[in-house]
Amino acid sequence: MKNGAFADFKIFAGNSNPELAEEIASIMGKPLGRSTVSKFSDGEVSVNLWETVRGIDTYIVQSTCNPVNDNLMELLIMIDAMKRASAGRINAVIPYYGYARQDRKAKARDPITAKLVADLISSAGADRVVTMDLHAAQIQGYFNIPVDHLLGMPILVKYFKEMRLDDLVVVSPDHGSVGRARNMAHPLDAPIAIIDKRRPKANVSEIMNVIGDIEGKNAILVDDIIDTAGTITNAANALKDLGAKDVFACSTHAVLSGPAIERIQDSAIKEMILLNTIPLPEEKKLDKIKVLSVAPLFAEAMIRIFTNDSISRLFD
């Protein structure tokens with residue numbers, strides 16, 4: 001049954017990003033499946049499914065964002081509930097895949113949490129994972145089940161094309177994002193520049209040098225995750241000090257922890273464009289932050305999975 005066609009599909013949501021789940025379900029022409037995800041008095045996660053999933057192609061929309069451990073456990077327990085309810089296929093739709101930044105042993109005795117979480121999701125009973133902009137593309141290989149890796153870049157590129165900015169340069173805030181900068185620069189027909197930085201400790205970065213011509217240009221900083229915003233705001237301030245005209249920033253995943261909002265507000269960034277893989281609470285909304293929706297892309301991918309159509313054509 002799991003390799004064949006399904007008569008119907010249902011979409012369920014945990015508590016991490018219900019607005020995105022509602023938007024996806026609306027685009028797909030379905031109401032969200034009836035379920036309750038709550039907690040026992042001691043903090044344990046409690047899941048109840050209030051409708052049948054037997055033989056159904058099921059989709060669980062759940063980002064593993066803050067509170068990361070609660071949201072991860074909600075996802076695992078929802079998967080387990082559906083497995084034990086004889087769901088035809090269980091698709092874990094994870095717009096933001098947490099614990100992805102530890103994807104290798106950078107030094108002795110480091111864990112590889114990206115692989116650990118992949119094992120947990122597979123062991124819980126998921127048959128497929130749908131996610132977006134993994135911190136490292138090789139994390140797909142940590143799973144022994146199919147992974148559909150969607151890209152947020154086309155959404156961001158479309159937005160900047162519509163802005164019609166002149167004298168563009170796409171800037172990578174560190175060496176790790178050079179590939180992303182190139183992928184954005186090509187459709188925008190713009191050159192790239194690279195920030196040379198060092199990171200003396202976690203969540204701390206220092207700008208060393210800028211490689212490339214940014215003077216008098218509109219600069220777009222691109223990254224996959226903005227956490228404490230130290231890297232992106234230091235880079236923006238350095239670009240402005242070195243003669244950049246206006247500095248824009250964009251990212252797929254708005255973690256925005258600790259002093260991130262204050263740093264963004266006080267920085268040289270003119271506008272920051274984020275995707276809604278992680279919900280942005282009211283207290284973190286700024287005039288200079290614009291949020292674009294990933295719901296149409298996820299909805300289209302989920303429809304193609306249900307109909308056994310090609311996902312890669314979404315990026316042709």
Side-chain angles (χ1 to χ4, degrees), residues 19-20 23 65 95-96 132-133 151-174 177-178 180-195 197 205 207 210 212-297:
E19 295 84 6
L20 176 59
E23 190 179 352
C65 53
Y96 170 68
M132 174 172 276
D133 285 352
L151 304 177
M153 188 64 70
I155 301 172
L156 298 170
V157 166
K158 182 174 182 287
Y159 179 81
F160 283 112
K161 277 186 173 180
E162 290 171 352
M163 287 185 73
R164 300 183 182 278
L165 295 169
D166 295 324
D167 297 321
L168 271 182
V169 59
V170 179
V171 184
S172 171
D174 53 31
S177 294
V178 173
R180 281 183 212 88
R182 283 203 187 101
N183 291 339
M184 173 169 273
H186 178 68
L188 292 175
D189 194 25
I192 71 166
I194 303 166
I195 302 284
K197 72 166 189 180
S205 65
I207 304 299
V210 178
D213 180 20
I214 53 92
E215 189 171 355
K217 294 180 180 290
N218 288 306
I220 301 173
L221 282 159
V222 57
D223 211 344
D224 65 326
I225 297 173
I226 297 179
D227 188 354
T228 61
T231 294
I232 206 88
T233 54
N234 285 345
N237 295 338
L239 292 173
K240 196 70 176 175
D241 290 344
L242 291 169
K245 187 178 178 183
D246 285 323
V247 180
F248 300 85
C250 61
S251 176
T252 303
H253 307 302
V255 175
L256 302 182
S257 66
I261 292 300
E262 292 78 10
R263 286 175 172 174
I264 293 167
Q265 182 64 53
D266 297 338
S267 74
I269 295 171
K270 182 174 182 179
E271 185 176 40
M272 176 172 283
I273 298 88
L274 304 170
L275 303 184
N276 65 340
T277 57
I278 297 172
L280 191 67
E282 280 299 323
E283 65 270 16
K284 292 186 178 181
K285 291 181 179 177
L286 301 174
D287 289 341
K288 64 167 64 177
I289 291 180
K290 182 175 180 64
V291 180
L292 307 178
S293 180
V294 298
L297 182 57

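Since the structure is predicted, the reported quantities are computational estimates derived from the model, not experimental observations. Along the sequence shown, the residues carry numbers beginning at 1.
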Minimum heavy-atom distance between [X] and [Y], given as atom pair plus value:
| X | Y | result |
| --- | --- | --- |
| Lys217 | Asp167 | CB-O, 3.2 Å |
| Ile214 | Leu239 | CD1-O, 3.7 Å |
| Asn276 | Ser293 | OD1-CA, 3.2 Å |
| Ala235 | Leu221 | CB-CD2, 3.8 Å |
| Thr233 | Gly230 | OG1-O, 3.4 Å |
| Pro296 | Glu23 | CD-OE2, 4.4 Å |

So [Y] and [X], do their side chains get closer than 4.5 Å, heavy atoms only?
| X | Y | value |
| --- | --- | --- |
| Ile220 | Ile273 | no |
| Pro191 | Asp213 | no |
| Lys158 | Leu292 | no |
| Phe160 | Leu168 | no |
| Ile192 | Ser172 | no |
| Asp133 | Leu151 | yes |
| Met184 | Cys250 | yes |

Inset, instruction - Show your working on side chain to side chain contact (heavy atoms under 4.5 Å, CB included) between Ile232 and Met272 and close with a plain yes or no. - result: CA-CA 10 Å; Ile232 206 88; Met272 176 172 283; 4.0 Å; yes

Listed pairs under 3.5 Å, donor-acceptor, residues 277-291 side chains, sequence neighbours left out:
unit_1	atom_1	unit_2	atom_2	d
Thr277	OG1	Thr252	O	3.3
Thr277	OG1	His253	ND1	2.8
Glu282	OE2	Lys285	NZ	3.0
Lys284	NZ	Leu256	O	2.6
Lys288	NZ	Ile264	O	3.1
Lys288	NZ	Gln265	O	3.4
Lys288	NZ	Ser267	O	3.4
Lys288	NZ	Ile269	O	2.8

Inset, instruction - Can you establish whether the number of heavy atoms outside Glu215 located under 6.0 Å from its atom CD is more than 12? - result: no

Inset, instruction - Give a yes or no on this: more than 12 heavy atoms of other residues, nucleotides or ligands lie within 6.0 Å of atom NZ of Lys240. - result: yes

Legend entry - Residue list, side-chain hydrogen bond (donor to acceptor under 3.5 Å, both in side chains) with Asn218, at least two apart or on another chain: none

Inset, instruction - Show the numbers, then the answer: is there a side-chain hydrogen bond (donor to acceptor under 3.5 Å, both in side chains) between Asp227 and Ser257? - result: CA-CA 5 Å; Asp227 188 354; Ser257 66; 2.2 Å; yes

Inset, instruction - Answer yes or no: is there a donor N or O on one side and an acceptor on the other, between the side chain of Ser177 and the main chain of Pro173, under 3.5 Å? - result: no

Legend entry - Any donor-acceptor N/O pair, Thr228 side chain to Ala260 backbone, under 3.5 Å: no

